[in-house]
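Only a predicted model underlies this, so the values are computations on that prediction, with no experimental measurement involved.
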Amino acid sequence: MLKKINPTQTDAWKALEIHSQNAKHLHLRDLLQADPQRFDKMHVHLESLLLFDYTKHRVTEETLSLLEQLFTEMDVRGALQSQLRGERINETENRAVLHTALRDPRTEPLLLDGEDVRALAKSELKKMLRFAEAVRSGRKRSHTGMRFTHIVNIGIGGSDLGPRMAVEALKPFSDRALTVHFVANVDGSDLHECLQKIDPETTLFIIASKTFTTQETMANAEAAKSWLIQQLGDAQCVEKHFVALSTNHEKVATFGISKKNNFGFWDWVGGRYSVWSSIGLPLCIAIGSKAFESFLLGAHNIDLHTENQPFRQNIPMLMAALGIWYRNFLGATSHVVLPYDQYLHRFAAFLQQADMESNGKFVDRSGNAVDYPTGPILWGEPGTNGQHAFYQWLHQGTECLPADFIASVHPQHPLHAHHAKLLSNFLAQTKALALGRPAADTAFKVFEGNRPTSTLLLDSLTPYALGALIALYEHKIFYQGVVWNIFSFDQWGVELGKEMANVILPELEGEESLGKHDSSTSALLEYIRARTKD
Ligand code: G6Q
């Protein structure tokens, strides 16, 4: 189990508080100038995969050793072992957290309640890979005997963001004869627009829902089913055109999907960590089983990396520690992720859920309100687009926040001149943010600089590299949650609004008098009801 330690009571935290008073005055310009060897000491290179450069951070050797001490006092390594061993570290839901087992090729048993989770994961993976290949090869046919050309994933949150981001990221590796669509929103326009683009005879619907009770997904799934039956004029078509990704076999059967067409997973896979499970099916169909296995392996190798490397060579630990430094000691309220890669255009949206749903918590592991900031706002957009939008704020705004710059040395397209331009911007931005321009003819043109950045430079955005990239952030999020003494794997914060929506829905649809609400909600409800009467 995870220890319950208030991080502010550790020696390292207290020392960091004192140290930060002086460190506030450090300028990256001086740090970089004072030590020409700074890069040599502050980067991690994973051969033929990626380079992580943390030279442009407002830290000294002392900062880093105090952060390392904090990690030791908070026992982050012990916590990782608790996770990897399958202890029920998601205490408020009484669940283990074992998404790492889904990508673990090792065959030694890993037991949870007497069951070997590695073996379970492998057998479900095999079933999914076989199915994906059958769709890709055309062996799996539609109700009217056609090859599938459209795949529609219906799911939301963790059952949407991961596969959606990854399908976009790995487009160059995908079979272009298959188009993968994603429908998430209960706003009917999402499904409606999708239905305009697909051919009912050649569309496979994937209903992705761990619980198979989520309002949005069930509404879209039912509507898609009715639409298909109406289009093909035969209720039997559901058998060939619908599959499910779910832990709830009963509900799947009630919907009309047979057991063989349900690809299962388990309660020890959290939604936002589920792209490695059967929730990855749309990705697997898009890129094929070999590439999907490579995606899993890339993540597994980061699991081994973070388990075994010392702090100064451990990328997720460094990412986590730097984030804590800015959040808790230098007052940063947000963290920006800037992939200079159009294929990663959904990466920040994916991370936003992974990070903010995990670490946006104000209650510690003992149930007390924390008296220090926890997870920051995470946001981002691809470069160079962002440069023409919000970078003004990054360069000359009044807040200083850490940024992750991500790019690949080799592009996945043949337009090499474009890539040189992209990378020149990529390098120029982190340099400009760090050094600024202290003197100018007017104050308006002054750049203070001292804006910290990490650079994550992939060799190329392959399935293996994407798996690794996601796993780096997953572990970062985990370590930060451990240090902040919060539970990162529950999400009680999403419940209240859902409960209230269930009360409001019948009131919105019905004629009866309204229940008790605050004056604003009542008035808005009345307003909508009055305008939708006929
Ligand atoms: C993720 C959350 C949440 C969840 C969705 C969809 O960690 O739990 O985003 O994934 O609410 O849930 P279902 O998969 O059960 O439909």
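- With respect to H99, the ring-ring contact (aromatic ring centres under 6.0 Å, His included) criterion is satisfied by exactly one of W266, Y273, F265, W276: Y273.
- Checked against the 6.0 Å centroid threshold, Y326 and H57 count as a close aromatic pair.
- Side-chain contact of N359 with T374: a donor-acceptor pair under 3.5 Å is absent, judged by distance alone.
- Looking at heavy atoms from C-beta onward, L338 lies in side-chain contact with F390 at the 4.5 angstrom threshold.
- Annotation: the span from T306 atom OG1 to L472 atom CG amounts to 8.0 Å, rounded to 0.5 Å.
- With 3.5 Å as the limit, one finds a donor-acceptor pair spanning the side chains of W484 and N328.
- Taking the ring axis of F263 as reference, the NZ or CZ atom of K127 stays within 45° of it and closer than 6.0 Å to the ring centre.
- Side-chain contact annotation: D303 with H475, donor-acceptor N/O pair under 3.5 Å present.
- Between T60 and T63, the side chains place a donor N or O and an acceptor N or O closer than 3.5 Å (distance only, hydrogens not considered).
- Comment: K171 engages E168 in a salt bridge, judged by a side-chain N to carboxylate O separation of less than 4.0 angstrom.
- Of the N and O atoms on the side chains of S278 and E124, not one donor lies less than 3.5 Å from an acceptor on the other residue.
- Looking at R103 and E474, a side-chain N of the basic residue comes within less than 4.0 Å of a carboxylate O on the acidic one, giving a salt bridge.
- Using bins of under 30°, 30° to 60° and over 60° for the plane-to-plane angle, the ring pair F39/H43 lands in the parallel bin.
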Please test K476 against D355 for salt bridge (charged side-chain N to carboxylate O under 4.0 Å, His left out), starting from the C-alpha separation and ending with a verdict. CA-CA 9 Å; K476 177 214 90 133; D355 204 302; 2.9 Å; yes
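- Ring geometry, F447 versus H395: the interplanar angle exceeds 60°, so the pair is classed perpendicular (tilted spans 30 to 60°).
- The CD atom of Q387 sits 13.0 Å away from the CD atom of E381 when rounded to the nearest 0.5 Å.
- Checking T430 against T453 by side-chain atom types alone, no donor-acceptor pair falls below 3.5 Å.
- Salt-bridge annotation for D490 and K361: present, with a side-chain N of the basic residue lying under 4.0 Å from a carboxylate O of the acidic one.
- With 3.5 Å as the limit, one finds no donor-acceptor pair spanning the side chains of N248 and S246.
- Ion pairing of R272 with E357 is present here, as a side-chain N (NZ or NE/NH1/NH2) and a carboxylate O approach within less than 4.0 Å.
- In summary, the side chains of Q313 and H305 do not present any donor paired with an acceptor at a separation below 3.5 Å, with no hydrogens or angles considered.
- The CZ atom of F292 sits 10.5 Å away from the CG atom of L170 when rounded to the nearest 0.5 Å.
- Formation of a donor-acceptor pair under 3.5 Å by the S294 side chain with backbone atoms of K290 is not found in this model.
- Note that the CD atom of Q412 and the OG1 atom of T462 stand 7.5 Å from one another [nearest 0.5 Å].
- Judged by distance alone, the side chains of R312 and Y54 do bring a donor and an acceptor atom under 3.5 Å apart.
- Side-chain contact annotation: E307 with Q81, donor-acceptor N/O pair under 3.5 Å present.
- When ring centroids are compared, F489 and F487 stay outside the 6.0 Å threshold.
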Mind running ring pair (Phe, Tyr, Trp, His ring centres under 6.0 Å) on F405 and Y340 for me, showing each step along the way? CA-CA 7 Å; F405 278 70; Y340 276 61; 5.6 Å; yes
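- Of the inter-residue distances, the one linking K56 atom NZ with L31 atom CG reads 13.0 Å to the nearest 0.5 angstrom.
- Here the rule is side-chain contact (heavy atoms from CB on, under 4.5 Å) with L457, and of D53, V409, I406 only V409 fits it.
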